[in-house]
Amino acid sequence: MIYVDNAATTRLKPEVLEKMMPYLTDHFGNPSSIYTSGREAKIAVNSARAGIAAALGATESEIFFTGSGSEADNWAIKGVAHAAKGKHLITSAIEHHAVLHCFEYLGRNGYEVTYLPVDSLGLVNPEDLKNAIREDTALISIMTANNEIGTIQPIPQLAAIAREHKIPFHTDAVQAFGHIPLNVNELGVDLLSVSAHKIGGPKGVGALYIRKGTKITQFIHGGAQENGKRASTENVAGIVGFAHAAALAIRNLDENAKKVTELRDYYIKRVKETIPYCVLNGHPELRLPGNSNFSFEFIEGESLLLSLDMKGIEASSGSACTSGSLDPSHVLLAIGLPHEIAHGSLRISFSEDNTKEEVDTIIAELGPIVQRLRDMSPLYEGIKNKA
Amino acid sequence: MIYVDNAATTRLKPEVLEKMMPYLTDHFGNPSSIYTSGREAKIAVNSARAGIAAALGATESEIFFTGSGSEADNWAIKGVAHAAKGKHLITSAIEHHAVLHCFEYLGRNGYEVTYLPVDSLGLVNPEDLKNAIREDTALISIMTANNEIGTIQPIPQLAAIAREHKIPFHTDAVQAFGHIPLNVNELGVDLLSVSAHKIGGPKGVGALYIRKGTKITQFIHGGAQENGKRASTENVAGIVGFAHAAALAIRNLDENAKKVTELRDYYIKRVKETIPYCVLNGHPELRLPGNSNFSFEFIEGESLLLSLDMKGIEASSGSACTSGSLDPSHVLLAIGLPHEIAHGSLRISFSEDNTKEEVDTIIAELGPIVQRLRDMSPLYEGIKNKA
Amino acid sequence: MLYSEKVMEHFANPRNVGEIEDANAIGEVGNKKCGDIMKIYMKIENEVIVDIKFKTFGCGAAVATSSMATELVKGKTIKEALAITNKAVVEALEGLPPVKMHCSVLAEEAIKSAIADYYRRQGIDPEPIVGCSLKCESCHSHG
Amino acid sequence: MLYSEKVMEHFANPRNVGEIEDANAIGEVGNKKCGDIMKIYMKIENEVIVDIKFKTFGCGAAVATSSMATELVKGKTIKEALAITNKAVVEALEGLPPVKMHCSVLAEEAIKSAIADYYRRQGIDPEPIVGCSLKCESCHSHG
Ligand SMILES: Cc1ncc(COP(=O)(O)O)c(C=O)c1O
Ligand SMILES: Cc1ncc(COP(=O)(O)O)c(C=O)c1O
């Protein structure tokens, strides 16, 4: 099996699982308990917190563990909106659903939301942000890097605009964390969401960075965990795994980024050479190392994925969350693709575990599959006949 | 080490971990992905869903996995309150903080909350519930069994009253699930929260039962997971572990309950025989099998716990979530204990892994510890001198 | 979203793919926006569908329902073909995920659309025979 | 909530536990509601605290701070004893968790309360020497 859907989720790294194992076996204490096993668990959670803080250039007391990247996004957005007086919110048109659907929910519940457009490469224009800001703008949320097309936003520039107006700035860095260098102070953000399973950590663990002084209501009420800010018995093993995965990702960031970028560029080059009527979506340079996203004209994405799967190649069309839905990707529509082309996209996202040989196999399979589907497509008839 | 704080959390059962392992290693696919590894993960999640549904007498489509018992409580309470027109809510004075703090939050945000009192054994009086109901009551939430004193509420009776008035009824069954028989239809509840780590499952997984037709807003917005009702990439391994732990708990429920009740009753008998000035909190019969809760006069609970810990005995004083807080347990105050006695409680909660020998060791250590602390206590001076 | 083995089998080996040079009935339904387009070619002789082929732009279910629908229709009389509902196609495929049900509707409509074309070519109003006008009303089969 | 090793050591082996039969200074602070009561007995000779004992109802931190405070005060003059702040107790214990800071305040107050008692027994108003009235205002040291 060739797994090239690392933007959807990643294999839990064996060395990460190894660090988790004590907490899945003997060290099962509840971190809120004051006896030995509880204290040991607490120490494990707090040192994981220090690890995530270090990875982001934050301080420990600004890191709060959650049950997922989605929960971190929900907490950040609803929490800041609810704590604020202003009723105007700003986000972008290409956010992940975990962000977008929060804004849509708030939009139905007394808030007014501005969705900033993006250009054909997926970039938000800082001028658009400046123009959207109002007296009563309570929150700006723009993702660090897009999950479908990989475009990296100019967050320092955007966050600086927010700061000028004293508006809290959130960024969903779930796709960026561990793949490109991130420092909350260099970015200038007030809130930042991350998730473990995108960087070789376990599923079901995320974290929210909340800059000291940021006004935010609680999201999960209850016990006094996470400094009284997020209730729930801590997923100790998961948290420990997340921190270790983050440490590995940060330690090897440059090396991995170089390797993965090379693989991806090789794949992109080979696709362009071998398959006609395709277009690369996203930005040529301001792009996550592992991300590629092609639209193949005249064919539909799901058929492409199923065909690849039959050859043992696991890849994605848009975000995993939206598969099963009939709408074409909102991201591809936002960068201006027509519907039928937006329907035919293939996201291949590499990790450092992928190889050049795998890319060669993908290329060898992809061409005939695309051709077979085109031969089956009524949209291709005219083209073929013209050619 | 003698671990007798199973109400705080439990050891992950080795056979549960074994079932989780494939999903922590090779089977790492994202259940939302349509290729083979994603479909396998989806099947695993759905069969876990069927397992939890079976354990509760519910149907699969009524079970939604969450990141914790606290999240399930928050979702149920805030979700139903927000979806309702009425602004009046009813709960009890002895709920877990995951429930209580939601109501306090809603109470500060436009809702009116009635907190039903309990009697000295910890029982809610159905008459009190009847009297509290108003035209605009939107939700009633009363826990199945209390985490500190183990008292089991007459849920069928309470839920029937709610149903008569067509008011949604939620119960926090985090402590009860897997320990006493539960069937959502026999209970007559509309929503029910459970958590994996209380029954030998992993930390960081819970579930919410939502009866078909119940009006509830979404809590975590985003992707289309959990039938579009709860976003976040599924914690596949955790969910699989939860279902297996539940299956084991249900399969061995009678046997475990018998064993654990015997241990507990033996412990209670021996404490009463050997330690003066103590009082058993909670109900003598309507009580969770594993729960014991004693107040030892003239001494403070944390000192007792630390002393026990120094002897390798891990137990709790009230709920783990509140340790670190200076308030005496709200549950013990609600059953009428004076403050200084509420401060001196010891919860010992057994699992089927505990033994009679362990109870004997606990008794042998507990007496001298209590005596030493009393000798150190200014409150005991007068008593000692009188004796 | 899980496909049955039968769906996967028909997706992997779709029957009756292609065009018919001398077709005397051609129908096309769906639209680009929805991401599903089905085009059906038929050769009808003495009210019997002696040959049928399809071309489909769409998801796995769209391909599989096209394949199955053409199989069910092949060799049948027009009357028999018109009696085949989307339900029959779904059953023959051993089920479809709820979000993909609309594909089976599309397949039924594609068949009817081709038959309507057959009548229209002969100057016969297809409406009383085939039923109401055929359109992919929207991309969503549900709410 | 994590205690330092020093705190645990003083909790496990508290110094100066007990009563002094012929104490000439006794102070008690805290209340049952708060869950912390400290009672200090002193034997003062020539302005020097020659002996000191305590009894404490309270948490681990309460016991440890009582133990440490009495150690710091033992053998000191009244003046020196009054100069010992709760901070000094906390430092000597290598820190206390934030929620437990109030215990160190209580220990400081217990010492002062005993010394105040010493003056009162001699008909001297302790206020100008010891400071303001001593009370456990509330159970919370923070919001
Ligand atoms: C009664 C009760 N409700 C809710 C919870 C919260 O569950 P979790 O720790 O999974 O968030 C607990 C335990 O912590 C509990 O005992
Ligand atoms: C950009 C982005 N945000 C948020 C999420 C949600 O993270 P999680 O699956 O941990 O809830 C994802 C991935 O699923 C993502 O790619």
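Remember, predicted model here, so these are calculated numbers, not experimental data. So you know, we letter chains A, B, ... as the sequences are listed, proteins then strands, and number each from 1.
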Let me know if [X] has heavy atoms under 4.5 Å from chain A in its side chain, its backbone, both or neither.
X: Glu95(B); value: neither
X: Asp73(B); value: neither
X: Asn235(B); value: both
X: Ala315(B); value: backbone
X: Ile220(B); value: both
X: Lys13(B); value: neither

Look only at the side chain of [X] and the backbone of [Y], and say whether a donor-acceptor pair between them is shorter than 3.5 Å.
X: Thr91(A); Y: Ser141(A); result: yes
X: Lys203(B); Y: Phe28(A); result: yes
X: Lys215(A); Y: Ala84(A); result: no
X: Glu226(B); Y: Gly228(B); result: no
X: Ser349(B); Y: Ala7(B); result: yes
X: Arg347(B); Y: Asn147(B); result: yes
X: Tyr111(A); Y: Ala81(A); result: yes

Which residues satisfy the side-chain contact (heavy atoms from CB on, under 4.5 Å) test with Thr36(B), sequence neighbours excluded?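 Thr36(B) satisfies side-chain contact (heavy atoms from CB on, under 4.5 Å) with Asp309(A), Glu314(A), Arg39(B), Glu40(B) once adjacent residues are dropped.
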
Where on [X] is there a heavy atom nearer than 4.5 Å to chain B: the side chain, the backbone, both, or neither?
X: Leu17(A); value: side chain
X: Met310(A); value: neither
X: Tyr3(A); value: side chain
X: Thr10(A); value: backbone

Pairs of heavy atoms under 4.5 Å with chain B: top-ranked of [options]:
options: Arg230(A), His221(A), His197(A); result: His221(A)
options: Gly238(A), Gly204(A), Ser232(A), Ser68(A); result: Ser232(A)
options: Leu306(A), Leu24(A), Ile239(A); result: Leu24(A)

Name the option with the most non-hydrogen atom pairs under 4.5 Å to chain A; the candidates are [options].
options: Thr217(B), Thr66(B), Asn109(B), Asp26(B); result: Asp26(B)
options: Gln218(B), Glu71(B), His82(B); result: Glu71(B)
options: Glu234(B), Met20(B), His101(B); result: His101(B)

Side chains of Ser37(A) and His27(A) only: does a donor on one sit below 3.5 Å from an acceptor on the other?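 Side chains of Ser37(A) and His27(A): no pair found under 3.5 Å.
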
Nearest 0.5 Å, what's the NZ-CZ distance between Lys78(B) and Phe219(A)?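 Here the rounded value is 7.0 Å.
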
